[in-house]
> 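This is the structure I want to talk about, given as structure tokens.
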Amino acid sequence: MKKTKEEILTEIISQNAKLHQIQDIDILLELILAEACRAVNADAGSIYIVENGMLAIKYALNNTLKSRLPQGEKLPFVAFSFPINESTIAGYAAKNACTVNEKDVYQISPSKKYKFGNSSDLLTNYKTVSNLTLPIINTNGQVFGVLQVLNALDDENNVIPFNEDDEIYLQHFATNIADALEHASRTRSIIMRMIRMSELRDPSETGTHIKRVSAYAIEIYDRYAFNKNISQELQTRFRDDLKIAALLHDVGKVAIPDNILKKPGRLTDTEYNIIKSHTWLGAQLFVPFENKFDSFVSDIVLHHHENFDGTGYPGNIKLNANINDVVPMSEGLKGEDIPLGARIIALADVYDALSCTRCYKEPWSDEKIIEELHRCSGTKFDPDVIKAFFEVYDRIQDIRKVYSDTHTE
């Protein structure tokens, strides 16, 4: 049964309230796209943001293509950017800060400046017909990005054009999410400045390393949550906190001396113990806890070097409000006493370290990495987390390629 205008607008307002609770920009963009498609019953869509004068795709959604996959699997991880000009529909909408509504992208008038690129349709055996594209404009009047929804569906799932009401709904939606996007963007900007500070100290803590680890962590968690039948509401909340915590997991390394942090050879026992202190030094940055998020991040920063069999560090220790106080380490936490986020990031971090060049090592081959991770299941890593990792291994490899160390911001 088709919803009334009032019901749709009420739903959009409710969606906006939910979106304003999200802190991480990537998680927010993903949810914005999903909610936009649902609001106008679109089968597919994409969301882009302006980066360095280009439009960069952040997320794509396609219900038809997803229905062809086994349950729990996702569409391939994609990342590309293109100039903001009038030759593409998204570029035209961004450049002119206007809405574009095409009934059939294969029948666009030759008099229009933009054209539809059908390469994705050919690649995926999917036919795009109707297209509604509009700019996302921030509170300063600047174009932040572009929201594009494809193939409106009627009650019988036939593709139909987007109508004027759909335009009004999405324009209202895009206006109301501007504040949430700006807040999440500021949060990400502050975190990335902290990461750049870490880069000055530790050459291995690059922005691309952090982006890979955080992206790996989300993919692993999503599959883990599917396997464990975790509700969508709990999953959304957890993955939002996890994404930010993953970005900050090694923030304590800013307190480690350069002669140890940058040492190319093997560390002495004394030096290794100093390196270990980055866990509690980083965790203490969030003490005293002002909210649940502080506690969540602190737990992950503190425990991402715990081993599933209890042989890791720093164990069950009490943090001090004074960051200069020495915190004695104890026997490592074991099994599910280790916070789930820490168990996930432990694996994501090790995989990235093994697969990339470091000052003390060359990257391992994929075969050697796979063998090592399987060997460490149940000892270093949670077997359920390892299982989830290998079930999304194709996407993990795609992320690794996209955010290679040659990737530019």
Side-chain angles (χ1 to χ4, degrees), residues 3 7-47 58-78 147 149-150 153 157 169-170 173 176-177 180-181 183-184 187 214-246 291-293 295-297 299-300 336 339-345 348 382 384-385 387-389 391-392 394-396 399:
K3 296 176 183 177
E7 286 174 330
I8 294 175
L9 288 172
T10 299
E11 201 170 271
I12 287 174
I13 291 169
S14 174
Q15 291 165 356
N16 285 335
K18 182 171 67 175
L19 294 172
H20 274 73
Q21 298 173 12
I22 303 298
Q23 303 174 87
D24 181 75
I25 185 67
D26 289 336
I27 303 298
L28 179 58
L29 289 168
E30 189 175 2
L31 284 176
I32 284 171
L33 177 60
E35 296 293 353
C37 287
R38 189 171 71 170
V40 295
N41 202 28
D43 185 49
S46 302
I47 192 163
K58 287 300 174 181
Y59 289 98
L61 180 155
N62 191 306
N63 291 320
T64 292
L65 294 181
K66 187 176 180 181
S67 70
R68 300 174 187 170
L69 300 174
Q71 277 198 330
E73 288 194 18
K74 296 182 180 181
L75 297 172
F77 185 88
V78 295
L147 178 61
V149 292
L150 309 172
L153 301 175
N157 285 330
Y169 299 149
L170 284 197
F173 180 69
N176 285 341
I177 61 175
L181 282 168
H183 174 73
T187 300
S214 62
Y216 297 156
I218 293 299
E219 294 300 330
I220 296 167
Y221 173 70
D222 283 350
R223 187 66 192 199
Y224 177 95
F226 172 79
N227 291 343
K228 298 290 185 180
N229 293 314
I230 295 173
S231 72
Q232 188 61 55
E233 182 182 355
L234 289 176
Q235 187 176 346
T236 298
R237 212 160 45 230
F238 188 93
R239 70 203 300 268
D240 181 35
D241 291 344
L242 179 64
K243 188 66 180 285
I244 296 177
N291 47 52
K292 290 182 179 179
F293 174 73
S295 176
F296 182 94
V297 177
D299 272 351
I300 287 177
E336 293 189 2
L340 173 59
R343 282 179 268 151
I344 290 171
I345 291 173
D382 179 344
D384 289 339
V385 173
K387 178 176 182 289
F389 173 87
E391 286 173 344
V392 296
D394 286 347
R395 284 182 66 85
I396 295 290
I399 292 167

> Would you say that more than 12 heavy atoms from the other residues, nucleotides or ligands in this model lie under 6.0 Å from the NZ of Lys74, or not?
yes
> Measuring from Lys228:NZ to Arg223:CZ, what's the distance to the nearest 0.5 Å?
13.0 Å
> How long is the straight-line distance from CD of Gln235 back to CG of Asn229, given to the nearest 0.5 Å?
10.5 Å
> Can you give me the closest heavy-atom contact between Asp299 and Pro339, atom names plus distance?
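Here Asp299 and Pro339 meet closest at CB-CG, 4.0 Å.
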> Side chains of Leu181 and Ile32, heavy atoms from C-beta outward: is any pair under 4.5 Å?
yes
> Are there over 12 heavy-atom neighbours, none belonging to Glu73, within less than 6.0 Å of that residue's CD?
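Count over threshold, so yes.
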> Taking atom CG of Leu340 and atom CD1 of Ile230, what is their separation to the nearest 0.5 Å?
6.5 Å
> In Å, rounded to the nearest 0.5 Å, how long is the span from CD1 of Ile344 to OH of Tyr221?
7.5 Å
> Do you know which two heavy atoms are closest between Ile399 and Ala215, and how far apart they sit?
CG2-CB, 3.6 Å
> When rounded to the nearest 0.5 angstrom, what is the spacing between CG in Leu61 and CG in Leu33?
5.0 Å
> Work out which heavy atom in Val149 is nearest to a heavy atom in Cys37; give both atom names and the distance.
CG1-SG, 4.0 Å
> For Tyr59 versus Asp26, what's the shortest heavy-atom pair and its separation?
CE1-O, 3.1 Å
> Can you tell me how far the CD1 atom of Ile220 sits from the CG atom of Asp382, to the nearest 0.5 Å?
11.0 Å
> Thr236: what forms a side chain to side chain contact (heavy atoms under 4.5 Å, CB included) with it, not counting sequence neighbours?
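In terms of side chain to side chain contact (heavy atoms under 4.5 Å, CB included), with neighbours along the sequence ignored, Thr236 is linked to Ile22, Leu31, Gln232.
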> For Ala184, what residues pass the side chain to side chain contact (heavy atoms under 4.5 Å, CB included) criterion, not counting sequence neighbours?
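Ala184 satisfies side chain to side chain contact (heavy atoms under 4.5 Å, CB included) with Ile25, Leu28 once adjacent residues are dropped.
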> Can you sort out the partners of Gln23 under side chain to side chain contact (heavy atoms under 4.5 Å, CB included), two or more places apart, ordered by chain and number?
Asp240, Asp241, Ile244, Phe293
> Using the test side chain to side chain donor-acceptor pair (under 3.5 Å), find all partners of Arg239 that sit at least two apart in sequence or belong to another chain.
Glu30, Asp222
> Who pairs with Phe296 by ring-ring contact (aromatic ring centres under 6.0 Å, His included), at least two apart in sequence or on another chain?
Phe238
> How close do Ala217 and Leu242 get, counting heavy atoms only, and between which atoms?
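Between these two residues, the closest heavy atoms are O-CD2, 3.8 Å.
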> Just to verify, what does Asn62 make a side chain to side chain contact (heavy atoms under 4.5 Å, CB included) with, not counting sequence neighbours?
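Here the qualifying residues are Asp43, Ala44, Thr64, Leu65, Leu75, Tyr126.
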> Which heavy atom in Ala246 sits nearest to a heavy atom in Ile345, and how many Å separate them?
CA-CD1, 3.5 Å
